[in-house]
Amino acid sequence: TEVGILAKFYIDQGHLIPDDIMTRLVLNELKGLDRYNWLLDGFPRTVAQAEALDKECKIDTVIDLDVPFETIKSRLTARWIHPASGRVYNLEFSPPKVQGIDDITGEPLVQRDDDKPETVTKRLQAYDAQTKPVLQYYQKKGLLKSFSGTETNKIWPHIYAFLQTKLPDVSQKDAATPR
């Protein structure tokens, strides 16, 4: 879409998408989901986005994953993709059999512009400056729950247990099916 192309321009430059564009994208996707449980990842990133979201939706929980920037940077800059298929490799924990080459086709892998070290650093700095006030905004409303760590398999059990207190009793298999 036109707004999607505009969003991609900002991402490719290492910038966060401006509030008005990001809010339009997200709120448009949320229309009609008011009878479902849903989870947003990475939105809202600014207080303006949070306020716009609050006007349209009832938010009952905000989860903060407190992961050191060096961990995030290391994971993102180690990510390489096979453009034709969308296969993703990570040099640290899921590398290709031959460095720089797709396991299936033998074609070269590429690093997305937004995964390059300088771009990741700029995005993390912008994220930090804009997101701390959002966390404070939701903390004041009593909606914030933070989880700290560096490894998914260590953080996830705590998040899952917390979510079980918030969501209807459904199995992980059923959790992907809208009710």
Side-chain angles (χ1 to χ4, degrees), residues 7-8 10-11 13-31 33-79 88 90 92-94 112 114-172 174-176 178-179:
K8 183 180 181 328
Y10 286 98
I11 292 169
Q13 300 301 312
H15 301 293
L16 296 176
I17 299 169
D19 286 341
D20 61 325
I21 296 168
M22 192 67 206
T23 301
R24 272 192 303 169
L25 284 168
V26 172
L27 292 180
N28 188 50
E29 291 298 318
L30 293 176
K31 287 180 183 171
L33 294 180
D34 54 336
R35 64 179 194 232
Y36 299 108
N37 293 310
W38 42 264
L39 174 71
L40 298 176
D41 180 9
F43 183 88
R45 284 196 177 132
T46 67
V47 172
Q49 290 175 359
E51 291 170 343
L53 180 64
D54 283 349
K55 287 178 186 171
E56 299 294 323
C57 305
K58 181 187 179 310
I59 305 302
D60 61 7
T61 303
V62 174
I63 296 174
D64 170 38
L65 300 180
D66 181 20
V67 179
F69 280 177
E70 283 308 310
T71 300
I72 297 168
K73 184 177 176 180
S74 173
R75 288 188 187 159
L76 289 177
T77 58
R79 184 168 58 183
V88 178
N90 188 292
E92 294 179 2
F93 57 83
S94 178
R112 295 178 358 183
D114 58 330
D115 286 344
K116 292 183 178 172
E118 59 279 0
T119 305
V120 170
T121 298
K122 284 196 306 190
R123 287 178 62 211
L124 288 173
Q125 289 169 342
Y127 176 84
D128 187 49
Q130 293 179 356
T131 302
K132 281 184 183 177
V134 174
L135 297 177
Q136 294 168 344
Y137 172 84
Y138 283 116
Q139 187 172 31
K140 286 178 187 173
K141 290 177 162 260
L143 302 176
L144 184 68
K145 178 70 174 170
S146 291
F147 298 90
S148 298
T150 59
E151 298 176 40
T152 303
N153 62 347
K154 291 184 180 176
I155 297 174
W156 173 245
H158 300 285
I159 297 168
Y160 185 73
F162 172 73
L163 288 174
Q164 289 299 308
T165 69
K166 296 288 188 178
L167 299 172
D169 188 16
V170 294
S171 70
Q172 281 186 308
D174 291 338
R179 295 183 180 254

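The structure displayed is predicted, hence computed values, not measured ones.
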Kindly indicate, with the supporting measurements, whether the criterion side-chain contact (heavy atoms from CB on, under 4.5 Å) is fulfilled by D54 and K141.
CA-CA 11 Å; D54 283 349; K141 290 177 162 260; 3.4 Å; yes
Which pair of non-hydrogen atoms, one from [X] and one from [Y], has the smallest distance, and what is that distance?
X    : Y    : answer
G149 : P68  : O-CD, 3.7 Å
P44  : V134 : O-CG1, 3.9 Å
T152 : P157 : O-CD, 4.3 Å
E92  : A78  : CG-CB, 4.0 Å
W38  : Y36  : CD1-O, 3.4 Å
I155 : S148 : CG1-O, 3.9 Å

In Å, rounded to the nearest 0.5 Å, how long is the span from [atom1] of [X] to [atom2] of [Y]?
X    : Y   : atom1 : atom2 : answer
E56  : N28 : CD    : CG    : 11.0 Å
D19  : F43 : CG    : CZ    : 8.0 Å
T77  : N90 : OG1   : CG    : 8.5 Å
C57  : K31 : SG    : NZ    : 11.0 Å
K55  : T23 : NZ    : OG1   : 10.5 Å
T150 : R75 : OG1   : CZ    : 6.5 Å

A side-chain contact here means heavy atoms from C-beta on lying under 4.5 Å apart; do [X] and [Y] qualify?
X    : Y    : answer
L163 : I63  : yes
D64  : Q139 : no
Q49  : M22  : yes
I21  : Y10  : yes
L76  : T119 : no
D60  : K166 : no

Closer than 4.0 angstrom, basic N to acidic O: yes or no for R24 and D20?
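Salt bridge: no.
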Is NZ or CZ of K140 both nearer than 6.0 Å to the six-membered ring centre of Y137 and within 45° of the ring axis?
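K140 over Y137 ring: no.
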Side chain of T165, backbone of F162: donor and acceptor closer than 3.5 Å?
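Side chain of T165 to backbone of F162: a pair is present.
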